[in-house]
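Everything below concerns the one structure shown next.
We name chains A, B, ... by the order of the sequence lines, and we start the count at 1 in each one. Computation of the quantities below employed the complete heavy-atom set of this structure, encompassing side-chain atoms and omitting hydrogens, waters and symmetry-equivalent molecules.
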2 protein chains.
Amino acid sequence: MNNKNNIKRSRRGSGAITLRDVAKLAGVAPITASRAVNTPEQVSPDVLKKVLDAVQRTGYVPNRIAGGLASSRSRLIAAVVPSTVMSVFMETIESLNASLFDAGYQLMLGQSGYSAAREELLLEAVIGRRPDGIFLTGILPPGKSRTRLLASGIPVVETWDLTPTPIDMLVGFSHSDIGRAVANFLMSRKRKRLALVRADDERAARRAAAFTEAVRARGLPDVFVVNVGDSRSLKSGREAMARIVWEAPDVDAIFCSSDLLALGVVTQARAQGVAVPDRMAVIGFGDVPFLAEMVPALSTVRINGAEIGKQAAHFLIERAQGRPIDPRVLDVGFAIVERDTT
Amino acid sequence: MNNKNNIKRSRRGSGAITLRDVAKLAGVAPITASRAVNTPEQVSPDVLKKVLDAVQRTGYVPNRIAGGLASSRSRLIAAVVPSTVMSVFMETIESLNASLFDAGYQLMLGQSGYSAAREELLLEAVIGRRPDGIFLTGILPPGKSRTRLLASGIPVVETWDLTPTPIDMLVGFSHSDIGRAVANFLMSRKRKRLALVRADDERAARRAAAFTEAVRARGLPDVFVVNVGDSRSLKSGREAMARIVWEAPDVDAIFCSSDLLALGVVTQARAQGVAVPDRMAVIGFGDVPFLAEMVPALSTVRINGAEIGKQAAHFLIERAQGRPIDPRVLDVGFAIVERDTT
DNA sequence: TTGAAAGCGCTAACAA
DNA sequence: TTGTTAGCGCTTTCAA
């Protein structure tokens, strides 16, 4: 009779132990075994014991694919991260993943930032898995992808930014506020000629705009801007600093769009004999952990990436459980961390 | 009649467009629609057009959960990464993910390195998704988890290390070779008193052992070892250097178990007026990109993390398609990159 | 080239 | 508390 089973199963399936096997061994119906495994409080102690026993003996691991199909709840969350600068978001991804895991969810990782065609494919792949939620790094501009996501009905949380028109939920902070705050911070330190070193990045652009605006509002000379393009490397920072020394020698404070650029600026300053912070103040963005312990320790804008991940996870889990989120926007803020370079 | 459908569907399901809807609209059987979408070459041009049309009009996105259940192929690969030092492996994860995506696979991310209990849960969660393959950072020591993985029958690739007894497949390099090579490299540069600064990490321990052994074989004085414990920060590197200056002032070369530690050592050396590389050679491990452009540029051991990801993806995809891999072990090697600090 | 039937392994709905 | 039944949305198998 065992034989008959095997013959029957040989045609299809993975050959792995199923809930049916467990149920048979425990002498109960499959649904009872299911309940014993998933909602033990709904089952008598006697049955519970028999089922768990059978699970032990067979090494049964529930098939979440089948479960997901049956319940329309995949217990999967998709995270979309830009492939080029993943590192900045890692703290967030780690904390997101940890929070999700504790709640019984799995994280699927998608990398954006390639071609538009691949972006389209990524979205297809993501929606095709029917995740219970989608985590987006940044905000999605209006367009085909946004429409598509909206149409899918899957809860979405956008992050690392603020917008009056989120797709759904949002956990982030205001880049304009940062630009303004850093400008005021530097000006309050009696800096008179400010400069920006920034990568080609939409969020950096918004910080820059607010920074420039705040400087202008105080009647100081125009901000000297160095755009380093797509390269966020330390080397670009060095080159930018060399240009500033050459083209705008009166600059006495620089706001960089990333800590790495700032490190490059400081490195070059030392190479050219420009005293930091006496002659030149430098402040970065992102608070890469180890830069706090460099000499000189880098001043920077700290973003609590782990908090973003944690809160985003919370939002997504609540929604996945069918509970509404209100308000749907959370501003986690930022902090200017003053160290040696300002 | 549309109505009847809706009533019928209201009881269960996600309410999304299904293959059946598409098929109905195209006037073909569901299976034909399936073929048009998945294997268009098996279908007449006429039917193909009608089905693709219907897909367009409905915005149909195939449900991969259902597909996975029916075909026993989830097109999912699980990657397990230590949560504490994810950064080192990011290049690998990115390239792994990119390669997988191009082949139509999705990446699921799991974080290890928490408690043993959670490790157990992670394995359950991973196996429960029935991934077509599992990517492991590092090698799995014999134990319950290993047995379990083996029993699951899922293709596994271990990475970043070499062992004579892999679970299944392996893409890595020899840590002993590195320790030996670095020792010989430093000794060939006429360094006479070598030191190690290392984190509490099994792989670093093997590099250290081979390093020590190579030094001893040449009859040089014993290696001075500073173990910084679990902290891999720049700060630990600084403290280690301070200790070396104090306790073993004759040391003239240091091999650090990570670039960050090496950076700390160099930072402290500068602070204490120890000339690098004249008085002290320093070499790191990992080749964090930006350290190449610091002053002084850090010498290091370069691991091609992207290549590991790419090859691991290749191994897993081949196996997922049912093709055998032979040989199942790939040594991607390493390179000593000499820059300013040696 | 197309289709009908029968599941994949699980859970929702309803009934006892 | 336990069980029966009928799917979830897709693909495999077999037949036309």
Using whole Å, what does the distance between atom [atom2] of nucleotide [N] and atom [atom1] of [X] come to?
X: A:Arg20; N: C:dT11; atom1: CZ; atom2: P; result: 15 Å
X: B:Leu69; N: C:dT11; atom1: CG; atom2: C1'; result: 12 Å
X: A:Arg75; N: D:dC8; atom1: CZ; atom2: P; result: 21 Å
X: B:Arg130; N: C:dC10; atom1: CZ; atom2: C1'; result: 11 Å
X: B:Asn38; N: D:dT12; atom1: CG; atom2: C1'; result: 13 Å
X: B:Ile31; N: D:dA16; atom1: CD1; atom2: P; result: 17 Å
X: A:Leu19; N: C:dC8; atom1: CG; atom2: P; result: 13 Å
X: A:Arg129; N: D:dC10; atom1: CZ; atom2: P; result: 13 Å

Problem - Close approaches to DNA chain C from residues 42-66 of chain A, in residue order (heavy atom, under 4.0 Å) - result: A:Tyr60, A:Pro62, A:Asn63, A:Ala66
Within a radius of less than 6.0 Å around [atom1] of [X], do more than 12 heavy atoms belonging to other residues, nucleotides or ligands occur?
X: A:Arg64; atom1: CZ; answer: no
X: B:Lys50; atom1: NZ; answer: yes
X: A:Gln56; atom1: CD; answer: no

Problem - Closest heavy-atom pair and its distance - A:Leu170, A:Phe315 - result: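 Taking every non-hydrogen atom into account, O-CE2, 3.8 Å.
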Handout entry: Which atom of B:Ile154 lies closest to which atom of B:Ile134, heavy atoms considered
Key = CG2-CG1, 3.8 Å
Problem - Residues which pass side-chain contact (heavy atoms from CB on, under 4.5 Å) with A:Ser112, listed by chain and number, not counting sequence neighbours - result: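 Here the qualifying residues are A:Val80, A:Pro82, A:Glu119, A:Leu122.
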N/O (side chain, [X]) to phosphate O (OP1/OP2, [N]) under 4.0 Å:
X: B:Ser34; N: D:dT11; answer: yes
X: B:Thr18; N: D:dC8; answer: no
X: B:Ser72; N: C:dC8; answer: no

Practice task
Would you mind telling me which of D:dC10, D:dG3, C:dT2 lies closest to the side-chain atoms of A:Ala29?
Solution key: D:dG3
Exercise for the section: Assess whether one donor atom and one acceptor atom, taken from the side chain of A:Arg35 and the base of D:dG3, lie less than 3.5 Å apart. Expected result: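 Donor-acceptor pair under 3.5 Å: yes.
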Exercise for the section: Using a strict 4.0 Å threshold on nitrogen-to-oxygen distance, state whether A:Arg75 and A:Asp132 make a salt bridge. Expected result: no
